[in-house]
Protein chains: 2
Amino acid sequence: MTLNTMPGHLIRRLHQHSTQVFQQRMKAAGLDLTPVQFAAMGAVKDTPGIDQASIAAAIAYDRATIGGVIDRLISKGWVARNVSKRDRRAREVFLTDKGAQVFAEVLPLVAALQDDVLTGLSDAERAQFCALAQKVSDAFEAG
Amino acid sequence: MTLNTMPGHLIRRLHQHSTQVFQQRMKAAGLDLTPVQFAAMGAVKDTPGIDQASIAAAIAYDRATIGGVIDRLISKGWVARNVSKRDRRAREVFLTDKGAQVFAEVLPLVAALQDDVLTGLSDAERAQFCALAQKVSDAFEAG
DNA sequence: CAGAAATTGTATGTGTGCATATTAGTAGGC
DNA sequence: GCCTACTAATATGCACACATACAATTTCTG
C-alpha cells in the first residue's frame, strides 16, 4: 500500500514520536506527567481559576476528557478544584504551590525537548515545518 | 504560554484534524472504519495470512493494540483469523470477501481525503510538508 | 418573570496506545 | 533429547479521545 506517502499516516507517526520523546524526557526527570496534563497545567497557570470548559477550549481538547485529566492532576496534588460562586455549574481550577513548583521545573524541559521532536531536520527545516503546520492548524481552527 | 509555537502541540493538532477528517469521510460514506482499522486491513491485503505481530510492525502499532483492532474487524465480518499450522502461537489473518470489497471501496476515499488533511496548503506546500514529515519519520525509525 | 435555549460538568460506551506480566509454543546449543 | 532463550498472543491497567446523553444551572427572550 501507499500508506507511507499518506499525510495522515505521516502525521500519526510524528505524533507517536512526539509523545514518546515527551514521556522519555519526563521519565528521565523522574516526573509522571503526560503531554495533556502539561498543557492543562499551562492553561491553569495562565488563567488561575479557569473552568474546565475553558481549559478544554484553550488547549483544544474535549470537555469530557479534561474532567479525567484534572482528576488525575488533583490526585497528584498539583491542582485544586472548587465550585464557582458566580456559576454553580462551573469548577474553578488552580495550581497548588506544589503544582506551580512542578510546572516551573518542567517548562524548560518541555521547551528544550521540542527540537528533539523534529529529529533529523536542520534549524531552517524545523522552522519551515512549524510554519506549514501552523498554517494547517489555523485553517483547521477557522473552518 | 507558548504552547502554540511548540512542534509537539502543532503535531497533536494536525493529528486531531487528520483523524477528524477521516472519521467524517467514513461517516459520510456510511462506513464505520477507523484509521487504524484501515491501515490494518491494508497490511492484511498486502500480505494475506500475515500474523498480528507483523501487522503491528508494518503499520507501526503496538502488538497489544492490534489484537483488539483485529477483534473489531472480525466482529464486523471483514477479516478472519485462524491459528497457523506452522507456528501454533501465531494467528494468520485474512480479508473476507466482504472485507476485500469494503477495502476496495474505501481505498480511493482515503486517498482522496489526504489532500483535505493538509487544508490551507498549496500543492507545493503539501509536497514540502510531506518531505519534511517523511524525513522526521525516517530519523525516528532509524534511531 | 416564565419558558426556552444554552452551558457546565459528569456518566457511559467505544476505540486507541502503550507498558508490563503471563501463557503457550518454537528454536538453538549442548 | 533437554534446557534456555526467544517469540506470539493475550490479559491487565492506565491515560487519553471523543460522541452522546443527562442533570443542574444560567441566560436569553418574549
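In what follows, every chain begins at residue 1, and chains take the letters A, B, ... in the order their sequences are listed.
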Self-check item: Residue mapping more 5' on DNA chain C - nearest nucleotide basis, A:D51 or A:T19
Solution: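 Closest to the 5' end, via its nearest nucleotide, is A:D51.
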
Exercise. Report the residue (A:D87 or A:Q20) whose heavy-atom-nearest nucleotide on DNA chain C is the more 5′ of the two.
Key: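 Final value for this comparison: A:D87.
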
Quiz item: Does the side chain of B:F38 reach to within under 4.5 Å of the side chain of B:F22, using non-hydrogen atoms?
Solution: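 Yes. Closest side-chain heavy atoms under 4.5 Å.
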
Check: [X] side chain, [Y] main-chain N or O, donor-acceptor pair, under 3.5 Å:
| X | Y | value |
| --- | --- | --- |
| A:K76 | A:D32 | yes |
| A:Q20 | A:H17 | no |
| B:Q114 | A:G8 | yes |
| A:T19 | A:H15 | yes |

Quiz item: Hey, is B:D71 close enough to B:R81 for a salt bridge, meaning N to O under 4.0 Å?
Solution: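 Salt bridge: yes.
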
Practice problem: Answer yes when A:K85 and A:E92 have at least one side-chain N-carboxylate O distance shorter than 4.0 Å, and no when they do not. | Solution: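 No, A:K85 and A:E92 are not salt-bridged.
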
Quiz item: Using a cut-off of 4.0 Å on non-hydrogen atoms, how would the nucleic acid contact of A:Q37 be classed: base, sugar-phosphate, or nothing?
Solution: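 Counting heavy atoms under 4.0 Å across all strands, the contact made by A:Q37 is with sugar-phosphate only.
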
Quiz prompt | Any residue of residues 60-72 of chain B with a heavy atom less than 4.0 Å from an atom of DNA chain C | solution =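 The answer is B:Y61, B:D62, B:A64, B:T65, B:V69, B:R72.
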
Exercise. Walk along DNA chain C from 5' to 3' and tell me the first and last nucleotide with an atom closer than 4.0 Å to a non-hydrogen atom of chain B.
Key: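 Listing 5' to 3', DNA chain C meets chain B from C:dG15 to C:dT26.
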
Exercise. Kindly determine whether A:D116 and A:R25 satisfy salt bridge (charged side-chain N to carboxylate O under 4.0 Å, His left out), including the steps that lead there.
Key: CA-CA 10 Å; A:D116 297 324; A:R25 291 294 188 290; 2.5 Å; yes

Quiz item: When you list every nucleotide of DNA chain D with an atom under 4.0 Å from a heavy atom of chain A, which one comes first 5' to 3', and which comes last?
Solution: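 Taking any atom under 4.0 Å from a heavy atom of chain A, the span is D:dA15 to D:dT26.
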
Quiz item: B:V117 and side-chain contact (heavy atoms from CB on, under 4.5 Å): which partner among A:V136, A:L10, A:I11?
Solution: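 Only one of A:V136, A:L10, A:I11 forms a side-chain contact (heavy atoms from CB on, under 4.5 Å) with B:V117, namely A:I11.
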
Self-check item: Earlier contact from the 5' end, DNA chain D, for B:K27 and A:K76
Solution: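 The residue whose closest nucleotide sits nearer the 5' end is A:K76.
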
Quiz item: Of B:R91 and A:R88, whose closest DNA chain D nucleotide lies nearer the 5' terminus?
Solution: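 Going by which nucleotide is closer to the 5' end, it is B:R91.
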
Practice problem: Apply salt bridge (charged side-chain N to carboxylate O under 4.0 Å, His left out) to A:K135 and A:D138, showing your working. | Solution: CA-CA 5 Å; A:K135 208 165 171 180; A:D138 289 349; over 6 Å; no

Quiz item: Would you say A:V106 and A:F94 are hydrophobically clustered, going by side-chain heavy atoms of ILVMFWY under 4.5 Å?
Solution: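 Hydrophobic grouping puts A:V106 apart from A:F94.
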
